[in-house]
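Residue numbers run from 1 in the order of the sequence given.
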Amino acid sequence: MLRVCQNQIKVNFKRLLIRSQSTLSVVNEPCKTFTKGSPERDLAQKAIDKLQSTCEEIPCVVGGEEVLTGDVRYQVSPYNHQHKVCKYHYADKALVNKAINCALSVRQEWERKPLADRVQILMKAADLVCTSYRYDLMAATMVGQGKTVIQAEIDVIAELADFYRFNCKYAMELSNYELISTEDSTNSLDYRGLEGFVAAISPFNFSAIGGNLSATPALMGNVVLWKPSDTAMLSSWLIFKLLRESGIPEGVINFLPTDGPVFGDAITSSADLAAINFTGSAKTFRHLWKQVGNNLDTYKSFPRLVGECGGKNYHLVHPSADAQSVINGSMRSAYEYCGQKCSAMSRMYVPESLWPDIKEGMMNIQKQMKVGPADDMTMFTSAVIDANSFNRIKSYLDHAKSSPSLKVIAGGNCDDSKGYFVEPTILESSDPKERIMEEEIFGPIVTVYVYPDNKFDETVDLVNNTSPFGLTGSLFAKDENVIQVVGDKLKHTCGNFYINDKSTGSVVGQQPFGGGRTSGTNDKSGSPFYLLKWTSPQSIKRTHTPLSEWSYSHME
């Protein structure tokens with residue numbers, strides 16, 4: 001018994017020691033302001049000037065080998081589509097399969113690396129984001145993806161650094177979780193990586209998402225194949241470079257520009273697929289899910305599917321709301337980054353009593369919004385991402401101009417002669433079920449339905465039943481009872497619910513992000529819950545005394 005007690009004392013002391021060494025104190029990265037004459041504005045402009053005079057060639061990278069395949073594509077600037085931002089090489093299916101084998105060959109060694117060592121690597125990556133890579137990342141996001149200076153700062157600097165730092169903090173806290181042990185046995189958890197590889201498929205609209213989708217599974221001991229977006233190639237490449245510089249071993253993350261179907265077919269046909277980490281359209285995610293379902297009998301384990309797929313996000317305005325707050329929040333949410341944030345507001349429900357003031361306020365701001373090249377720091381917003389996006393948005397504008405239930409009250413024009421520019425547009429709909437109120441547009445178009453003040457309850461039902469998505473939503477109201485009742489009724493309309501604030505702007509560690517319905521699997525990136533998707537915990541029981549009986553007392 002004395003030996004057992006001594007063993008337990010040693011175990012408890014070791015746990016306390018590990019816990020004292022396994023805590024991280026992190027804070028959200030502050031955003032710079034880029035006011036005229038500020039040092040950060042000058043440094044950002046120098047990085048932009050440097051980028052615009054070059055066209056970097058980007059290879060595929062498999063196990064540290066940089067492969068120039070010869071299948072060359074170009075990323076162009078959304079606001080000047082004659083400007084080639086970078087030249088990149090496409091992988092074919094054979095190279096994707098080679099990357100799978102390469103990743104699997106280093107998996108066990110990487111998984112066995114102590115969590116504290118993996119954390120140290122990602123914390124260094126966060127520091128590189130905020131220091132030596134800062135302005136090059138911003139320039140790549142501004143010129144390559146059409147983000148204004150503050151939107152680039154929020155995205156590829158603050159959010160990316162926050163993802164890395166907070167995920168490190170969450171991982172260490174997870175490792176401190178303590179099971180109940182007894183005098184006879186000690187119980188523990190081993191946070192294993194997934195058995196196989198993770199396929200990360202990232203979008204164009206947030207550079208930080210690509211960095212998170214690829215590096216966070218790696219943090220938890222996984223190996224990754226990263227397919228970046230064609231229209232965010234340069235910023236993704238810079239993130240990959242800084243991850244290598246921070247100490248990620250070759251082969252742990254493999255960088256694979258390639259055609260979506262080629263990548264999807266290769267990963268879903270591999271028996272070693274462990275997970276897909278996806279951000280993009282619901283249509284593509286459904287297709288990948290079906291491919292996985294069709295191949296279930298071939299996999300060594302059940303692949304985990306993590307997806308975030310956009311939304312048809314709403315602002316619901318109660319008659320008690322502060323009109324000016326509604327105006328300011330709605331204009332920012334709808335038109336920052338041309339409505340291309342997954343969380344951007346695109347449908348609005350306004351009471352008749354407030355509509356005249358809100359309408360006037362929104363129209364006045366719309367007239368003041370400067371739309372132009374993202375490298376001009378006086379702009380509020382710039383161009384949409386590419387020709388496909390422009391044409392899709394234009395088709396909705398054409399529909400709005402011909403529909404008897406829709407009225408264009410501001411904007412409505414577009415021009416792709418130099419860049420893919422679409423005016424911030426406000427529509428008013430007499431039909432709350434008009435398809436433009438239901439379908440995701442992913443552009444700078446807001447449709448407003450004006451409801452009678454005495455029909456608020458019915459309007460709440462409309463918000464709930466109009467769109468298949470469930471990502472973000474906002475309620476503007478001063479009436480506390482309304483806030484409580486409506487919040488409960490709209491519980492499943494969004495994964496991120498805002499009260500008297502705009503539907504965009506989630507911050508890592510403050511508003512974990514993700515939605516349900518057809519907006520995705522709601523895994524809440526920016527929280528500890530997200531990390532649990534990338535580990536397969538093993539429970540370990542160690543018994544300290546010999547097993548002395550085989551029978552039970554009831555048998556006597």
Evaluate salt bridge (Lys or Arg N to Asp or Glu O under 4.0 Å) for Lys283 paired with Glu440, printing each intermediate quantity in order.
CA-CA 12 Å; Lys283 180 181 178 181; Glu440 184 181 38; over 6 Å; no

Just by distance, no angles: are the side chains of [X] and [Y] close enough, under 3.5 Å, to form a donor-acceptor pair?
{"X": "Arg192", "Y": "Ser536", "value": "yes"}
{"X": "Ser503", "Y": "Ser474", "value": "no"}
{"X": "Tyr135", "Y": "Gln45", "value": "no"}
{"X": "Asp375", "Y": "Gln52", "value": "yes"}
{"X": "Asn313", "Y": "Thr472", "value": "yes"}

Rounded to the nearest 0.5 Å, what separates atom [atom1] in [X] from atom [atom2] in [Y]?
{"X": "Thr284", "Y": "Ile201", "atom1": "OG1", "atom2": "CD1", "result": "8.5 Å"}
{"X": "Leu288", "Y": "Ile267", "atom1": "CG", "atom2": "CD1", "result": "6.0 Å"}
{"X": "Thr521", "Y": "Glu308", "atom1": "OG1", "atom2": "CD", "result": "9.0 Å"}
{"X": "Tyr191", "Y": "Ser188", "atom1": "OH", "atom2": "OG", "result": "10.0 Å"}
{"X": "Thr54", "Y": "Leu234", "atom1": "OG1", "atom2": "CG", "result": "8.0 Å"}
{"X": "Arg304", "Y": "Asp523", "atom1": "CZ", "atom2": "CG", "result": "10.5 Å"}

Of the non-hydrogen atoms in [X] and [Y], which two are nearest, and what is the gap between them?
{"X": "Ala199", "Y": "Leu273", "value": "CB-CD1, 4.4 Å"}
{"X": "Lys169", "Y": "Leu24", "value": "NZ-O, 3.5 Å"}
{"X": "Ala44", "Y": "Met377", "value": "CB-CE, 3.8 Å"}
{"X": "Asn212", "Y": "Leu160", "value": "N-CD1, 4.4 Å"}
{"X": "Phe469", "Y": "Ser519", "value": "CB-OG, 3.4 Å"}
{"X": "Pro303", "Y": "Leu296", "value": "CD-CD2, 4.3 Å"}

Start with the C-alpha gap between Tyr314 and Thr493, add the side-chain angles, then the distance that decides, and say whether side-chain hydrogen bond (donor to acceptor under 3.5 Å, both in side chains) holds.
CA-CA 9 Å; Tyr314 63 84; Thr493 61; 2.6 Å; yes

Take the angle between the ring planes of [X] and [Y] and call it parallel below 30°, perpendicular above 60°, tilted in between.
{"X": "Tyr90", "Y": "Tyr88", "result": "tilted"}
{"X": "Tyr337", "Y": "Phe204", "result": "tilted"}
{"X": "Tyr530", "Y": "Trp534", "result": "perpendicular"}

Decide side-chain hydrogen bond (donor to acceptor under 3.5 Å, both in side chains) for Asn295 and Gln291; before the verdict, give the C-alpha distance in whole Å, the side-chain angles of both, and the deciding distance to 0.1 Å.
CA-CA 6 Å; Asn295 292 328; Gln291 286 185 294; over 6 Å; no

Is there a salt bridge (Lys or Arg N to Asp or Glu O under 4.0 Å) between Glu438 and Arg347? Walk through the geometry before answering.
CA-CA 8 Å; Glu438 299 177 344; Arg347 57 181 171 130; over 6 Å; no

Might you work through the salt bridge (Lys or Arg N to Asp or Glu O under 4.0 Å) test for Arg134 and Glu29, ending with a clear yes or no?
CA-CA 12 Å; Arg134 185 180 200 116; Glu29 177 70 18; 3.5 Å; yes

Taking atom [atom1] of [X] as the centre, report whether more than 12 heavy atoms of other residues, nucleotides or ligands fall under 6.0 Å from it.
{"X": "Arg392", "atom1": "CZ", "value": "yes"}
{"X": "His287", "atom1": "NE2", "value": "no"}
{"X": "Gln120", "atom1": "CD", "value": "no"}

Validation row: [X], [Y] side chains within 4.5 angstrom (heavy atoms):
{"X": "Pro217", "Y": "Leu194", "result": "no"}
{"X": "Tyr164", "Y": "Leu243", "result": "yes"}
{"X": "Glu153", "Y": "Met138", "result": "yes"}
{"X": "Met123", "Y": "Val26", "result": "yes"}
{"X": "Phe278", "Y": "Pro203", "result": "no"}
{"X": "Gln340", "Y": "Val384", "result": "yes"}
{"X": "Thr69", "Y": "Asp92", "result": "no"}
{"X": "Pro512", "Y": "Ser525", "result": "no"}

One pair to check against side chain to side chain contact (heavy atoms under 4.5 Å, CB included): Ile276 and Val306. What are the steps and the verdict?
CA-CA 6 Å; Ile276 296 175; Val306 174; over 6 Å; no

Under the 3.5 angstrom rule, does the side chain of [X] hit a backbone N or O of [Y] as a donor-acceptor pair?
{"X": "Lys84", "Y": "Cys86", "value": "no"}
{"X": "Ser333", "Y": "Met345", "value": "yes"}
{"X": "Glu245", "Y": "Lys241", "value": "no"}
{"X": "Asn167", "Y": "Thr216", "value": "no"}
{"X": "Asp155", "Y": "Ala208", "value": "yes"}
{"X": "Lys524", "Y": "Gly495", "value": "yes"}

Distance under 6.0 Å and angle within 45° of ring axis: Lys147 vs Phe206:
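Cation-pi check for Lys147 and Phe206: passes.
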
Answer yes or no: is there an ion pair linking [X] with [Y], defined by an N-O contact shorter than 4.0 Å?
{"X": "Glu109", "Y": "Lys113", "value": "no"}
{"X": "Glu336", "Y": "Lys341", "value": "yes"}
{"X": "Arg118", "Y": "Glu111", "value": "no"}
{"X": "Lys93", "Y": "Asp265", "value": "no"}

Set out, in order, the CA-CA distance, both residues' side-chain angles and the distance that settles side-chain hydrogen bond (donor to acceptor under 3.5 Å, both in side chains) for Ser235 and Ser207, then state yes or no.
CA-CA 6 Å; Ser235 61; Ser207 304; 3.2 Å; yes

Given Gln75 and Asp230, is the side-chain hydrogen bond (donor to acceptor under 3.5 Å, both in side chains) satisfied, shown in steps?
CA-CA 7 Å; Gln75 180 186 359; Asp230 287 8; over 6 Å; no

Before giving the answer on salt bridge (Lys or Arg N to Asp or Glu O under 4.0 Å), spell out for Arg73 and Asp259 the whole-Å C-alpha distance, their side-chain angles and the decisive distance to 0.1 Å.
CA-CA 11 Å; Arg73 314 294 167 98; Asp259 181 57; 5.9 Å; no

